[in-house]
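Each remark here refers to the structure printed beneath this line.
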Amino acid sequence: MTIQKNISLKEFNTFHVEASAKYFCEINDINELESVITDSRFRNEQKLILGGGSNLLFTKDFNGIVIKNNIGGIELLSEDEESVIIKVGAGNNWDEFVEYTVSSGFNGLENLSLIPGTVGASPIQNIGAYGVEVKDVIKSVNGFSLDNYEMRTFSNSECKFGYRDSIFKNELRNKFIVTSVVFNLSENRKVKSNYEAIKNYFSEKNITEITPSEIRKAVIEIRKSKLPDPREIGNAGSFFKNPIISEENFEKIKSDYPDLNGYKVDDNSVKISAGWLIEKCGLKGRRIKDVGIYDKQALVIVNYGNASGMEIKNLAEEIRDIVLDKFNISLRFEVNIL
Ligand code: FAD
Ligand code: EPU
């Protein structure tokens with residue numbers, strides 16, 4: 001394993017912002033991971049485990065060691081009429097894995113098609129899209145603890161999954177490195193086609209026999225129509241989480257803005273669209289130098305070329321302040337700011 005010094009991270013983050021790492025290495029298996037973590041040269045260095053760099057923003061150089069995770073491997077642990085249990089190395093590309101499950105007839109991940117990044121990052125923020133969250137099909141998460149240098153397995157409930165949230169973003173932030181994820185898929189699981197955009201897609205096309213591969217196709221088409229491809233325009237998907245507000249506050253805003261939509265999350269709380277709030281503030285499509293608010297999806301901040309991480313963060317803070325001022329709702333960042 002080669003340790004590089006002072007290397008540029010520009011090609012390792014989908015915002016394509018410039019930042020450098022004091023040390024950088026790529027690990028291909030658990031042994032390499034252990035040897036770099038326990039190396040006395042790096043014991044007191046800050047550590048950043050990096051997947052596809054599609055949910056983070058570098059605002060400065062990283063003064064520590066960046067460990068790029070390339071742990072591969074897909075292992076079918078068991079398969080019967082009820083379920084298919086698969087263990088997947090954390091460094092696998094997420095969408096290539098989804099493609100593999102769909103083409104193998106293992107259902108459960110098709111709604112999460114085309115999300116960038118790695119398998120190992122999927123439990124960190126409990127990735128979600130089009131009516132499914134990855135927690136719905138995760139059986140367990142394996143990894144390496146930076147506290148005691150031991151391997152540990154977390155069951156689904158121990159991961160404390162929530163909306164864009166898990167134990168790995170909270171108590172275990174920067175303390176646990178996911179090395180593999182075990183999924184519980186099924187050849188018989190019913191497809192989920194209730195999400196508004198998916199329902200509309202199938203009714204417009206008059207498709208009534210909805211298979212997982214049809215769902216994958218639909219999700220890919222819908223996503224391509226509204227989200228920028230990071231290979232062309234730098235971005236990290238939704239910059240903010242959708243806020244959850246009280247039913248009372250929801251009714252109050254709706255009386256002024258009848259087009260507000262919401263999804264009940266429990267008896268007294270409603271999740272509303274941050275993109276809608278940003279759009280209502282007149283910000284959609286706004287551009288300052290090379291930083292902008294994407295014109296097809298106001299939740300996405302984009303780098304049109306040479307924006308710096310700080311410029312992107314400054315715009316995000318400005319958006320947050322404007323929304324707070326107008327709606328008295330404080331948006332939370334989804335993207336990890338470094
Ligand atoms: P990185 O950005 O490399 O890392 C993200 C965080 O996880 C960092 O804090 C990192 O240290 C940590 N991390 C990464 N790997 C590990 C590991 N093995 N062990 C411990 N910590 C780790 N997200 C959604 O949920 N739904 C979407 O629909 C969605 N759409 C997107 C669309 C676009 C165009 C883009 C650019 C992003 C989108 N995202 C979406 C966000 C992103 O793709 C996901 O969060 C993805 O899981 C990030 O994976 P990554 O490997 O790139 O993680
Ligand atoms: N909307 C607007 N204006 C906008 C954007 C959205 O009014 O500019 C409103 C519309 O009413 C639209 C609704 O918001 O119908 C929902 O929009 P969309 O389906 O695009 O979803 P989202 O709530 O903006 C969330 C996730 C996405 C995920 C999609 C699909 C969050 C923070 N974002 O976005 O995840 O792909 O749903 O399920 O929950 C990500 O996390 O990076 C991400 C892209």
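Atoms within each ligand, like the ligands themselves, are counted from 1 in listed order. Bear in mind that the values here come from a model prediction, so they are computed numbers and not experimental data.
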Asn184 to Ser83 - nearest heavy-atom pair and separation: OD1-CB, 3.2 Å
So for Phe176 against ligand 1, with non-hydrogen atoms under 4.0 Å, the contacting part is backbone
Can Arg152 and Asp147 be counted as an ion pair, charged N to O under 4.0 angstrom? no
Does a salt bridge link Glu247 with Lys264, judged by any charged N lying under 4.0 Å from a carboxylate O? yes
Who's closest to atom 17 (O) of ligand 2 heavy-atom-wise, of Arg164, Gln297, Arg332? Gln297
Do Val291 and Val302 have side chains that get closer than 4.5 Å, going by heavy atoms? no
For the rings on Phe15 and Phe58, is their centre-to-centre separation under 6.0 Å? no
Is it true that Gly143 lies under 4.0 Å from ligand 1, counting heavy atoms only? no
Look at atom NZ of Lys217 and say whether more than 12 heavy atoms of other residues, nucleotides or ligands are closer to it than 6.0 Å. no
Checking a contact table here: which protein heavy atom is nearest atom 9 (C) of ligand 2, and how many Å away? Ser273 OG, 3.3 Å
Here the atoms of ligand 2 under 4.0 Å from any heavy atom belonging to Ala129 are 36 (O), 38 (O)
Can you list the ligand 2 atoms lying under 4.0 Å from a non-hydrogen atom of Tyr163? 31 (C), 32 (C), 39 (O)
Which of the listed options, Arg223, Lys280, Lys296, holds the heavy atom that is closest to atom 36 (O) of ligand 2? Arg223
Arg189 with Glu82: basic N within carboxylate O range, under 4.0 Å: no
What residue and heavy atom of the protein are closest to atom 6 (C) of ligand 1, and at what distance? Asn336 ND2, 3.6 Å
Residues Asp165 and Asn170: side-chain donor-acceptor under 3.5 angstrom: yes
Atom 10 (C) of ligand 1 - nearest protein heavy atom and its distance: Ile49 O, 3.2 Å
Between Phe62 and Phe24, does the ring centre distance come in under 6.0 Å? no
Note the single closest protein heavy atom to atom 24 (C) of ligand 1, along with its residue, its atom name and the distance in Å. Gln125 NE2, 3.5 Å
Among all protein heavy atoms, pick out the one at the shortest distance from atom 50 (P) of ligand 1; state its residue, atom name and that distance to 0.1 Å. Gly52 N, 3.4 Å
Under 4.0 Å from a heavy atom of Gly51: give me the atoms of ligand 1 that qualify, with their elements. 3 (O), 51 (O)
What is the nearest protein non-hydrogen atom to atom 48 (C) of ligand 1, stated with its residue, atom name and distance? Ser54 OG, 3.3 Å
Assess the side chains of Ser20 and Asn6: does a donor N or O sit below 3.5 Å from an acceptor N or O? no
In the protein, what heavy atom is nearest to atom 35 (C) of ligand 1, and what distance, to one decimal place, separates them? Gly237 N, 3.3 Å
For atom 15 (O) of ligand 2, is the nearest protein heavy atom under 4.0 Å away? no
Nitrogen or oxygen of Pro116 less than 3.5 angstrom from that of ligand 1: yes
Among all protein heavy atoms, pick the one closest to atom 47 (O) of ligand 1 and tell me residue, atom and distance. Ile127 CG2, 3.3 Å
Considering the heavy atoms of Gly117, write down every atom of ligand 1 situated less than 4.0 Å from one of them. 49 (O), 50 (P), 51 (O), 52 (O)
Hey, does Ile115 come in under 3.5 Å of ligand 1, counting only N/O atoms on both sides? no
Salt bridge flag under 4.0 Å for residues Lys241 and Glu334: no
Between ligand 1 and Lys169, can you find any atom pair, the residue atom being a heavy atom, that is separated by under 4.0 Å? no
Residue and atom name of the nearest protein heavy atom (relative to atom 4 (O) of ligand 1), distance in Å to one decimal: Leu56 CD2, 3.9 Å
Considering non-hydrogen atoms only, spot the tightest contact between Arg286 and Glu318 and give its length. NH1-OE2, 3.8 Å
With heavy atoms of Gly237 as the reference, note each atom of ligand 2 found under 4.0 Å away. 42 (O)
So with a 6.0 Å cut-off around CZ of Arg332, is the heavy-atom count from everything else above 12? no
Looking at Tyr263, Tyr195, Tyr130, Tyr294, the heavy atom closest to atom 37 (O) of ligand 2 belongs to Tyr195
Can you tell if the side chain of Tyr195 reaches within under 4.5 Å of the side chain of Asn111, non-hydrogen atoms only? no
Any protein heavy atom under 4.0 Å from atom 42 (O) of ligand 2? yes
Return yes or no for this condition: an N or O of Ile124 is under 3.5 Å from an N or O of ligand 1. no
When you compare ligand 2 with Asn242, is there at least one nitrogen or oxygen pair between them that comes in under 3.5 angstrom? yes
State whether the number of non-hydrogen atoms from other residues, nucleotides or ligands found under 6.0 Å of Lys87 atom NZ is greater than 12. no
Tell me: protein heavy atom nearest atom 33 (N) of ligand 2, and distance? Ser238 OG, 3.0 Å
Decide whether the shortest distance between a heavy atom of Arg164 and an atom of ligand 1 is less than 4.0 Å. yes
Is any heavy atom of the protein nearer than 4.0 Å to atom 5 (C) of ligand 2? yes
Salt bridge flag under 4.0 Å for residues Arg216 and Asp95: yes
